[in-house]
Amino acid sequence: MTRFIFITGGVTSSLGKGLASASLASLLQARGLKIHLKKLDPYLNIDPGTMNPYQHGEVFVTDDGAETDLDLGHYERFTGVPCRKDDNLTSGKIFSNVLIKERKGEYLGSTVQIIPHVTNEIKEFILKNTKSDDFVLCEIGGTVGDIEGLPFLEAIRQLRNELGKQKVLFIHLTLVPFLQNSGELKTKPTQHSVKELLGLGIQPDILLCRSQKPIPIDSKKKISLFCNIKESSVILAIDVNNIYEVPRNLHKQGLDNEVISFFKLKTKKPNLKKWQLIEKRILNPDGDVTIGLVGKYNTLADSYKSLIEALIHGSVSNNVKLNIKWLDSELFTKKISLNGLSDVNGIIIPGGFGTRGTDGKINAAYYARKNKIPFLGICLGMQIAIIEAARNLANLKDANSTEFSKTNNPVIGLMTEWIKENKRVTRKLNGDLGGTMRLGSYDCNLKKNSKVYHIYKKNRISERHRHRYEVNFNYIKTLEKFGLCFSGMSPDGKLPEIFELENHPWYIGVQFHPELKSRPFDPHPLFISFIKAAIQRSRLF
Ligand code: GLN
């Protein structure tokens, strides 16, 4: 039997609903249950693909090529279960489906309304592909009280009625703020938030109370009384030092026990050894490593969420503490400021879009090449490194990407045709921006005995992509003459996917996003190897 858990949020945004959902899923998984996580986002974009990462955080790409909310990254990292296209839904997608059906006459002349047409569409999505799951955990984005969220809350209210209380559980995450002046934790915002939900017909069964400090028993009693929730179901979600402490912390507070007893289930005790181990390793590093991240959206760490996590995974597996030096690429437009990179042990140029800051990135790639600093170029970062090598090694002074300017030496160009799973995919030159990139997992063949071959220890890999431009095949021969090795190619041999520098300790560019596949319990080989090279570099100086 499939059971559904809906997780809503109140009081403020950014309380960590995604992490709480992922953590609960991992706790249920550790009891031997099959879990499935979904995210419902009330905003009107069809998907987050066209949203500015500076406002919204990174776009997480699934194997099947969906551009999704970054919370899906937490889901995958915490549970190891790959998400799919159908695991992230927005109001935009719902409305667009409803309107397509209306145009096709599928509603048989009825007036199309939020209830039942939109809510039916939402319920259908929630129930889709869930038959084999023990638990479906569905996070509702936004905060209770948002106008856009209403149809979603109405849909889950209806589902509880339709499926019955024995199959549906509501968890509400709120904030219990600490007031410095009075030295007190305040329960009123939680009471109000629950009241708001009640007004929509939803009585939460479990409250997760986010707080800086332990909640005294009296306050817990008060919350329980005013919110009509039994005391053991008022659960403290205290602030922690790192996200990998959350699952065990919530377990200690009794969250998974409450869920199991709500559904009157009997399971084995959860085995949380691996979580304990990772906490221990993070707390007891043997040295540290500093990685310079040369990017554009440096003010919002969430725009590089998976990258930071992948770097942490690589560091934990090498037993070191990771320090990230955030470097705005515009700083390096003038070569003189490149000494800002002299104290880092490794340099990363991550993915990105648009022209701003590219000159600085090209200079940073040059600095890493010349000074033999371990360098990882990801997607745009690889393209930048190719431009740098073409200009400064192959002497093609006007080499550029057609994303940035017109040039006689387009070493990076727009792809209009490629092969996915033996089928030809085409892109129109002036087509839509949303959903038209090379997206999702693609295979790549590795050159025997190259650096990446030794890192991955296999011939063929599969990695996730999200880009429009590609390294121009016509320049490969020229660049190879100057010590670039194209060590990863698409199976048809046409798309360069990885290059490495021959005379450099560790200088690798990848057209894909390896960070999207790294997990705490299965760190990505490229990040393990990159951090190892950075540690070696740190020991040299
Ligand atoms: N802007 C580049 C492209 O579209 C790189 C994209 C990325 O880094 N994800 O090809």
Side-chain angles (χ1 to χ4, degrees), residues 47-54 56-63 65-68 70 73 293-298 300 302-308 310 329 347-362 364-365 375-388 390 399-407 410-418 420 425 427-442 444 463-473 475 488 490 494-499 508-518 526:
D47 61 38
T50 54
M51 287 159 92
N52 181 350
Y54 176 66
H56 187 75
E58 96 178 344
V59 174
F60 188 80
V61 181
T62 57
D63 281 324
E67 295 176 282
T68 69
L70 59 76
L293 217 147
V294 183
K296 187 162 78 165
Y297 301 110
N298 282 349
L300 184 73
D302 267 1
S303 49
Y304 297 115
K305 192 81 215 150
S306 294
L307 178 57
I308 297 166
S329 51
I347 294 176
I348 289 199
I349 302 188
F353 294 83
T355 318
R356 187 163 66 84
T358 45
D359 287 340
K361 288 180 190 170
I362 292 170
F375 171 89
L376 175 59
I378 296 177
C379 205
L380 179 77
M382 174 198 196
Q383 300 173 355
I384 290 283
I386 292 282
I387 297 170
E388 190 280 316
N400 215 337
S401 163
T402 52
E403 180 178 6
F404 311 143
S405 86
K406 280 203 177 109
T407 168
V411 285
I412 310 293
L414 189 69
M415 279 301 288
T416 50
E417 225 177 75
W418 65 91
K420 179 156 181 123
V425 188
R427 169 192 298 135
K428 283 191 221 111
L429 274 179
N430 291 316
D432 285 350
L433 272 189
T436 55
M437 288 189 243
R438 178 145 84 99
L439 287 168
S441 277
Y442 283 81
C444 160
E463 293 281 7
R464 297 184 190 172
H465 289 248
R466 181 173 186 255
H467 54 101
R468 284 198 174 77
Y469 295 81
E470 307 275 351
V471 177
N472 187 338
F473 185 83
Y475 285 90
S490 59
K494 290 200 173 130
L495 299 174
E497 303 276 35
I498 308 178
F499 92 94
I508 295 176
V510 293
Q511 188 55 79
F512 45 80
H513 289 271
E515 71 274 23
L516 300 178
K517 281 203 172 173
S518 186
L526 271 178

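Side-chain atoms are counted along with the backbone in the values below, which use heavy atoms only and exclude waters and symmetry mates. Start at 1 and go down the list; that is how both ligands and their atoms are numbered. The structure presented is a predicted model; accordingly, all values stated were derived computationally and were not measured. In this chain, residues are counted from 1 in sequence order.
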Numbered atoms of ligand 1 (with element) below 4.0 Å of Gly351, judged on heavy atoms | 8 (O)
Provide the number and element of each atom of ligand 1 under 4.0 Å from a heavy atom of Cys379.
-> 5 (C), 6 (C), 7 (C), 8 (O), 9 (N)
Within-cut-off N or O pair, His467 and ligand 1, under 3.5 Å | no
Side-chain heavy atoms of Tyr442 within contact of Ser490, under 4.5 Å = no
Is Ser306 reaching over with its side chain to a backbone N or O of Leu516, donor-acceptor style, under 3.5 angstrom?
-> no
Can you tell me how far CD1 of Ile362 sits from CG of Asn400, rounded to the nearest 0.5 angstrom?
-> 6.0 Å
closest protein heavy atom to atom 9 (N) of ligand 1 is Arg466 O, 2.8 Å
Backbone N/O of Glu515 and side chain of His513: donor-acceptor pair under 3.5 Å | no
What atoms of ligand 1 come closer than 4.0 angstrom to any heavy atom of Tyr469?
-> 3 (C), 4 (O), 10 (O)
Using the side chain to side chain contact (heavy atoms under 4.5 Å, CB included) rule, pick out the option among Arg468, His465, Arg466 that qualifies with Arg438.
-> His465
Are any side-chain N or O atoms of Gln383 and backbone N or O atoms of Tyr469, one a donor and one an acceptor, separated by less than 3.5 Å?
-> yes
With backbone taken as N, CA, C and O and side chain as the heavy atoms from C-beta onward, which portion of Arg468 lies under 4.0 Å from ligand 1: side chain, backbone, both, or neither?
-> both
Backbone or side chain, does any N or O of Glu403 fall under 3.5 Å from an N or O of ligand 1?
-> yes
Roughly how far, to the nearest 0.5 Å, is the CD atom of Glu403 from the CD1 atom of Ile412?
-> 10.0 Å
Touching ligand 1 at all, Met437? Heavy atoms, strictly under 4.0 Å?
-> no
Within the side chain of Asn472, is there an N or O that forms a donor-acceptor pair under 3.5 Å with the backbone of Gly413?
-> no
What are the atoms of ligand 1, with element, lying closer than 4.0 Å to any heavy atom of His513?
-> 9 (N)
Under 4.0 Å from any heavy atom of Leu380, which atoms of ligand 1 are there?
-> 5 (C), 7 (C), 8 (O)
Should Gly352 be counted as touching ligand 1, given the test is an N or O pair under 3.5 Å?
-> yes
